[in-house]
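The first residue in the sequence is number 1, and the count goes up from there. Only heavy atoms go into these numbers, but all of them, side chains included; no hydrogens, no water, no symmetry mates.
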Amino acid sequence: HIRAGHSEAVKDFWMGFWQLVARAVDGNVLLAAESLFRAEQLFFQTGVEVPFLRPMSVWVNATYNPVPTWNGNQRMQGEILVHSKGRLKYEPQFVDVLKRLAGPAFSLTIVGQAG
């Protein structure tokens, strides 16, 4: 329900929003959310899916560098952890696709961790 006196402002907002979406579809702008929550909220409210940037990834210089172990056949063994918050729409499918792409010859185990 639009409050009395604000209907034009709300209409202008949504018209501008859809113009921005059209420019993103055309490749003229990047439309992204500043967090997973905002991306999910935008999708819920509009049906538009946008990528999101995890804010900490911008300023935290962290890397993952596991120490490999080797089995008797000179094949590296271990696990690759794919962390999931458990709320993302496509993360389980992403982990499944990774496992299928790696195939049985891939010596590391891909582990999807919902959290």
Nearest non-hydrogen partners of Trp18 and Thr46, listed with the distance: CH2-O, 3.8 Å
Counterpart residues, ring-ring contact (aromatic ring centres under 6.0 Å, His included), relative to Phe17 (two or more places apart): Trp14
Smallest separation among heavy atoms of Ala33 and Ala39, with atom names: CB-N, 3.5 Å
For Leu31, side chain to side chain contact (heavy atoms under 4.5 Å, CB included) partners two or more places apart: Leu20, Val21, Ala24, Val50
Apart from Leu101 itself, residues in the same hydrophobic cluster as defined by side-chain heavy atoms under 4.5 Å: Val97
Listed partners of Ala102 passing side chain to side chain contact (heavy atoms under 4.5 Å, CB included), at least two apart: Phe106, Ile110
Salt bridge (Lys or Arg N to Asp or Glu O under 4.0 Å) involving Arg23 - partner list, sequence neighbours excluded: none
Whichever hydrophobic residues join Phe44 through chains of side-chain contacts under 4.5 Å: none
Spatial distance of atom CD (Glu49) from atom CD (Glu40) [nearest 0.5 Å]: 8.0 Å
Residue pair Asp96 / Arg100, side-chain heavy-atom distance below 4.5 Å: yes
